[in-house]
**Student:** 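Supplied in C-alpha cells, the structure appears directly below.
Owing to the predicted nature of the structure, the values given are computational and were not obtained by experimental measurement. FYI, side chains are in, hydrogens and waters are out, and symmetry mates aren't considered; it's all heavy atoms of this structure. Along the sequence shown, residues are numbered consecutively beginning with 1. We count ligands from 1, going down the list as the structure has it; atoms in each ligand are counted the same way.
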Amino acid sequence: MTMKSNNKDQQGIGIASTYLNFFHAQHLFNFFGHILVFFCGIVIGITLTFSIKKFSFNFQFQDPSFSSNPPPHFPPTPPISSNISNPSNNLTKIPINQNNLVITNTTPPISSKISNPSNNLTKISINQNSLVITNTTNPSSNGLEEFLKIPMAMHNMNEDELFWRATLIPMIHKPPFKQTPKVAFMFLTKGAVLLAPLWEKFFKGNEGLYSIYIHPNPSFDETVYDQNSIFHGRRIPSKEVKWGENSMIEAERRLLANALLDFSNQRFVLLSEACIPLFNFSTIYNYLMNSKKTFIEANDIVSAVGRGRYNYKMKPLIELSQWRKGSQWFQIDRNLALHIVSDNLYFSVFKKFCNPPCYSDEHYLPTLVSIKFWKTNSNRTLTWVDWSKGGAHPAKFIRPHVTIDFLERLRFGSTCEYNGKTTNVCHLFARKFTPHALDRLLRFAPKLMQFN
Ligand SMILES: *[C@@H]1O[C@H](CO)[C@@H](O)[C@H](O)[C@H]1NC(C)=O
Ligand SMILES: *[C@@H]1O[C@H](CO)[C@@H](O)[C@H](O)[C@H]1NC(C)=O
Ligand SMILES: *[C@@H]1O[C@H](CO)[C@@H](O)[C@H](O)[C@H]1NC(C)=O
Ligand SMILES: *[C@@H]1O[C@H](CO)[C@@H](O)[C@H](O)[C@H]1NC(C)=O
Ligand SMILES: *[C@@H]1O[C@H](CO)[C@@H](O)[C@H](O)[C@H]1NC(C)=O
Ligand SMILES: *[C@@H]1O[C@H](CO)[C@@H](O)[C@H](O)[C@H]1NC(C)=O
C-alpha cells in the first residue's frame, strides 16, 4: 500500500515537476508582462500628467475672462428691504444700514482693502469679514441740510405733527450756518388776495427776504394764481373759518405754525386780502427787523364791547383786570409766534368761554400777551384801519377815496413810540381796500412809496 502509494507519489512528483517547469515558463512570461504593463503605465501616467498640467496651465493663462473679468453669473440680488435675513445660509449675513449694504462673511476671516477711486459715488471696502458698499451720494449724509429743508407750503402733516415740528427750538441760539432773516407775510383770506398786483410790485426784487403763506377757504380754487405769481404754491393746508369764532384763531395759529417751519422767518405779519402796504419793502423790512417790541394791539376798554365781553368763569386764569381788546392784525417776532402756537392753556379757556358775542380774534392775543408777554409788546398794531364810521366792520375804501393826500395821511398822520423814540411812522399796512381801488393804488404807490 505504501509502495503503491510511493509510486503514486513518484509519479506524482514527475507530473509535478513537469507542471513546475511549465509553471516557471508561465510565471516568467507573466512577470515580463507585468513589467511591460507597469512601464506602459508609467509612460502613460507621465504623459497624462504632463498633458493635464499643460491643459490646466493653458486654461489658467489663456482664458482672459477668468483673470480680468468677474464671473459672469452672480447669485440673484436679494430684494432690498430693511430686514433681510438669510437663515438657510449660515455663511453670509446681509444687513442694510442707512447708507451701507454690508455683506458679512461669518466663516473664514479675510483681510484686504478694495478702494474704487474712479467712482466717487460708491465706496467699496472690505473689513475683517465684511464687504461694505457705501453710497456716498445719499443726501441724508448731510443731516443738517436735511433738517433745514423747508417743507412744501402744501405739506401732508396733520396738525399735531405740524404744531410739534413748528415749536422745536434750539437751545443754542447762534446757528452754525449763514442765515438771512426773513419776514413771513401771512394772508388770512376767504379767496384770492384781492390786491395781488400791488403786492407783486411790492415784493419784486426782494427775493430771499420774505416768505408768503396763504390760508384761504378750503374750497378756494388757487388756479387764479398763474405759475409766475408770487402767490403760486403758497397756500397752506387750511380749514373753514367763521367770522368772529374761534376758528379764526385756529387759522392764525395754523399760519404761524406753517411759517415757523422755516427757521429763517424771524418776523410774522398777519394780513387780510384787503390789506395794502404803505411803504416800500426795505422800509417795512427794516422797521420790523430792528424793532425791540412786538405789535399786538391791546387796550383796556371799560365799555360793553370791552370788559363787557369778559366771562367770570375764566377766573382765576384770567382776571377782569387782565382782559384786553385789540385788532386782530399783528406783527410779531419768532419768540412770541412760538408761544402762541404752543399755548393750549389760555386758548382752551377762550374756546370754552369766549364765543359770539365775545369775539376771540379781538381778545385772545391781546389778553394773552398782556398777561405773559407785555414787557416786549408795544400794545399797538402797525395796520391802519378806520373805525370812525362805527358798526361791526371798519370802513372800506374804494376808488375815489384813494388820493395822494389820503395815502400820505395813513403813512405819516399820527405819532407813536418806536424803540424809545417818538416817530410819525406808526402804520406800515392799511385796510380795507377793495379791488376797485387797485388801479389808483397801482398808479400812485410806486412813486409815493418808492417801490423799486
Ligand atoms: C422682517 O422680519 C420679521 C420677523 O423676522 C418678519 O415677520 C417680516 O415679514 C420681515 N419683513 C420683511 C420686509 O422682510
Ligand atoms: C446653520 O446653523 C445651524 C445652527 O447654528 C445648523 O443647525 C445648520 O445646520 C446650519 N446650516 C448650514 C447650511 O450650515
Ligand atoms: C471725484 O472727486 C474728485 C475730487 O474729490 C473730483 O475732481 C471728480 O470730479 C469726482 N468724480 C466724479 C465722477 O464725481
Ligand atoms: C445713491 O443715493 C442716491 C440718492 O439717494 C440715489 O439717487 C442713487 O441712485 C444711489 N446710488 C446707488 C448706486 O445706489
Ligand atoms: C402794554 O400793556 C401792558 C399791560 O397793560 C402794560 O403793562 C405795559 O406797560 C404796556 N406797554 C406799553 C409800551 O405801553
Ligand atoms: C424805500 O423808501 C425809502 C423812503 O421811504 C427810500 O429811502 C429807499 O431808498 C426806498 N428803497 C428802495 C429799495 O427803493
**Student:** Closer than 4.0 Å to some heavy atom of Ser282 - which atoms of ligand 6 meet that?
**Tutor:**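 It comes down to these atoms of ligand 6: 1 (C), 10 (C), 11 (N), 12 (C), 13 (C).
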**Student:** Going by ring-ring contact (aromatic ring centres under 6.0 Å, His included), Phe279 matches just one of Tyr285, Phe429, Phe412. Which one?
**Tutor:**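 Output: one option passes, namely Phe412.
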**Student:** Nearest to atom 11 (N) of ligand 6 by heavy atom, Asn280, Val425, Leu278: which?
**Tutor:**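 That would be Asn280.
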**Student:** Out of Lys375, Glu297, Gln322, Arg324, indicate the one that has the non-hydrogen atom closest to atom 5 (O) of ligand 5.
**Tutor:**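 Closest candidate by heavy-atom distance is Arg324.
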**Student:** Quick one: nearest non-hydrogen protein atom to atom 7 (O) of ligand 5, plus distance?
**Tutor:**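 In this structure, atom 7 (O) of ligand 5 has Trp374 CE3, 3.4 Å as its nearest protein heavy atom.
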**Student:** For atom 13 (C) of ligand 5, find the nearest protein heavy atom and state the residue, atom name and distance (0.1 Å precision).
**Tutor:**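 Nearest protein contact, heavy atoms only, for atom 13 (C) of ligand 5 is Asn377 O, 3.8 Å.
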**Student:** Quick one: do Lys421 and Glu417 make a salt bridge, cutoff under 4.0 Å?
**Tutor:**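 Looking at Glu417 together with Lys421, the answer is no, because their closest N to O distance does not fall below 4.0 Å.
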**Student:** Can you list the atoms of ligand 6 that are under 4.0 Å from a heavy atom of Thr283?
**Tutor:**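 Contacts of ligand 6 toward Thr283, numbered from 1: 1 (C), 2 (O), 3 (C), 5 (O).
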**Student:** Strictly below 4.0 Å, N to O, side chains only: are Lys351 and Glu250 in salt-bridge contact?
**Tutor:**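 Yes, charged N to carboxylate O under 4.0 Å.
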**Student:** Would you indicate whether the side-chain heavy atoms of Glu362 and Arg309 approach each other to under 4.5 Å?
**Tutor:**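 Heavy-atom side-chain distance check passes, below 4.5 Å.
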**Student:** Can you name the closest pair of heavy atoms from Ser219 and Arg235 and give their distance?
**Tutor:**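 The pair with the smallest heavy-atom distance is N-NH2, 4.4 Å.
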**Student:** A side-chain contact here means heavy atoms from C-beta on lying under 4.5 Å apart; do His427 and Leu382 qualify?
**Tutor:**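 Result no, sub-4.5 Å side-chain heavy-atom pair not found.
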**Student:** Do any nitrogen or oxygen atoms of Asn379 lie less than 3.5 angstrom from nitrogen or oxygen atoms of ligand 5?
**Tutor:**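 So ligand 5 has an N or O lying under 3.5 Å from an N or O of Asn379.
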